[in-house]
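What follows is a set of notes on a single structure, which appears directly below.
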Number of protein chains: 2
Amino acid sequence: MNLEDPALSGIHPVGTDTLGKRVYNELRNFLMVGGVQPGEKLTLRQLTAAFGTSLMPVREAVHRLAAEGALEVLPNRAIRVPKMPRARFDELIQLRIMLEGLAVATAAEKISDKAIGRLEETNEGFIAEMRKPPESQKPFLLNKEFHFAIYRAADMPVLLSMIENMWLQFGPFLHFSMGVKGRMATNKFAPDSHRRMIQSMKERNGEIGRKALEDDIRGAVELILRFGDIPE
Amino acid sequence: MNLEDPALSGIHPVGTDTLGKRVYNELRNFLMVGGVQPGEKLTLRQLTAAFGTSLMPVREAVHRLAAEGALEVLPNRAIRVPKMPRARFDELIQLRIMLEGLAVATAAEKISDKAIGRLEETNEGFIAEMRKPPESQKPFLLNKEFHFAIYRAADMPVLLSMIENMWLQFGPFLHFSMGVKGRMATNKFAPDSHRRMIQSMKERNGEIGRKALEDDIRGAVELILRFGDIPE
DNA sequence: CCCAGTGCTATGTGATCACAGATCACCGTT
DNA sequence: AACGGTGATCTGTGATCACATAGCACTGGG
């Protein structure tokens, strides 16, 4: 069978992902964009009804999210989204700066010129979206795409999964602290720090990129501390 | 009911862990001490037979280990212990130095004098065990206890789980590279770097501790590179 | 001798059932 | 009115069954 056969051009990959994996991806994305608030409780059967599957795939997805720290199984065996007390918030921020800083610095040494070009396009799209009235979660997604395009360029798979984990743990909290109060998906200083990150890529200077990334995160933190509610 | 009642003094907690959690802990420990080699395949039913439970708890445990990177589900849905190519080895080492370095530096600022005392005792036990002919995995366990006593003192739960994850990913490889060839559970420079770490705790000097930790890890790496087999 | 086709076996996944423990409202006693 | 016991209900866990597919030895035709 020739896959190049024009008669087969209408064929699309059908996707062989397990149900558990699809539920996991859906639920993960739902958490990442802030679909549920910290402290909120979930039940397997409630999720089962929402996804239209049986308990099994939901169980697998929930347990995996719990292993990643995106969900929490209390001693009572109840399931909830973890809360974000100040101590955890500070620790996650410190770790983000360290982990993502390393990724940026490494990417500056390895990234291709072509990838830098795509990075600039993504950032221009992000800036353009920032000027519009904040309506959708589009700026948030473009900002995320910009950051992870850099992190992927570092070519460190384990580090990348750790960073994804950090963003996942922040997801519910971002909605809670910022989504409600004015949908301030990101801060106005982000374009500047993004430009400095791109510049560091061009100059192959990892430390400049690391500093820009730290400013980017600290800018967002300042916004959260001003407008968000952090318990304790 | 008064729990201080002398009549109840013989009561012990009964333990309410789920089967899945117990299987997870067993399997985790088995991986951490190098019970299986990288690349080796596992099957649910084989593990089921070994643990004497049904498939369900094993499925949960395996999926959780897979989420943590300690196991791997291939596209074929087969389960195996991840291999350790050179690139992954180097990345894990780099991340260990960064993560554990932060933990040591933070611990130096926070650790109590009492905990420092316990640390010295643990280390003396470790050194004493090192002098004996290498028989069991006792030195390995004491070394681990020494390190994690420090990491716990940093009081950073998320960081601690990341570090545990690193050790877990290294487990199978340690057996493969060192266990067979002479049971060299740790290297002869470890006592020195350990002493320097303790000293840094007493002086509340995080950077000295960080450097000592880095030397400790690099010493072990050198041994592995000399005696172990790293594919690719 | 090589190789595509075929049937058997083993394995992970998903559905369903059964059950222990948690939660909560209700009620009777003090 | 306050408190402890009680029963119903809900939730996560574990066991069992059913099934699609990967892996593999075998076979028959070239």
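In what follows, chains are A, B, ... by sequence order, proteins preceding strands, each numbered from 1. What's counted below: heavy atoms across the whole structure, side chains too, no hydrogens, waters or symmetry copies.
- Both tests pass for R96(B) against the ring of F170(B): distance under 6.0 Å to the centre and angle within 45° of the axis.
- Within residues 72-82 of chain A, the residues having any heavy atom under 4.0 Å from DNA chain D are, by residue number, R77(A), I79(A).
- Ion pair R64(A)/E60(A) not flagged as a salt bridge, since none of the NZ, NE, NH1 or NH2 atoms sits closer than 4.0 Å to an Asp/Glu carboxylate oxygen.
- OP1 or OP2 of dT13(C) lies within a sub-4.0 Å distance of a side-chain N or O belonging to H63(B).
- A straight line from NZ of K41(B) to P of dG12(C) spans 11 Å, rounded to a whole angstrom.
- For R59(B), the side chain to side chain donor-acceptor pair (under 3.5 Å) test picks out no residue, with sequence neighbours left out.
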Side chain to side chain contact (heavy atoms under 4.5 Å, CB included) evaluation trace for V23(B) with V62(B): CA-CA 9 Å; V23(B) 170; V62(B) 165; over 6 Å; no
Report, one pair per line, the protein and nucleotides 4-10 of chain C atoms (nitrogen or oxygen only) whose separation is under 3.5 Å.
none

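- Shortest non-hydrogen contact noted between A190(B) and D216(B) is CA-OD1, 3.6 Å.
- Judged as a ring pair (Phe, Tyr, Trp, His ring centres under 6.0 Å), and not counting sequence neighbours, the contacts of Y151(A) are H147(A), F148(A).
- With sequence neighbours left out, the side chain to side chain donor-acceptor pair (under 3.5 Å) criterion links R80(A) to E72(A).
- Applying the side chain to side chain contact (heavy atoms under 4.5 Å, CB included) test to E145(A) and every residue at least two apart in sequence or in another chain returns T122(A), A149(A), R152(A).
- Across residues 46-57 of chain B, S54(B), M56(B), P57(B) each have a non-hydrogen atom less than 4.0 Å from an atom of DNA chain D (numbered order).
- N123(A) meets the side chain to side chain contact (heavy atoms under 4.5 Å, CB included) test with F126(A), I127(A), F146(A), H194(A), R195(A), I198(A); sequence neighbours excluded.
- Listed by first then second residue, pairs satisfying side-chain hydrogen bond (donor to acceptor under 3.5 Å, both in side chains) with a partner in residues 101-119 of chain B read D113(B)-R204(B), not counting sequence neighbours.
- Partners of N29(A) by side chain to side chain donor-acceptor pair (under 3.5 Å), not counting sequence neighbours: none found.
- The span of DNA chain D lying next to chain A, judged by atoms under 4.0 Å from heavy atoms, is bounded 5' to 3' by dT11(D) to dG14(D).
- With sequence neighbours left out, the side chain to side chain donor-acceptor pair (under 3.5 Å) criterion links R22(B) to no other residue.
- Taking a 6.0 Å sphere around CD of E222(A), one finds it holds 12 or fewer heavy atoms contributed by other residues, nucleotides or ligands.
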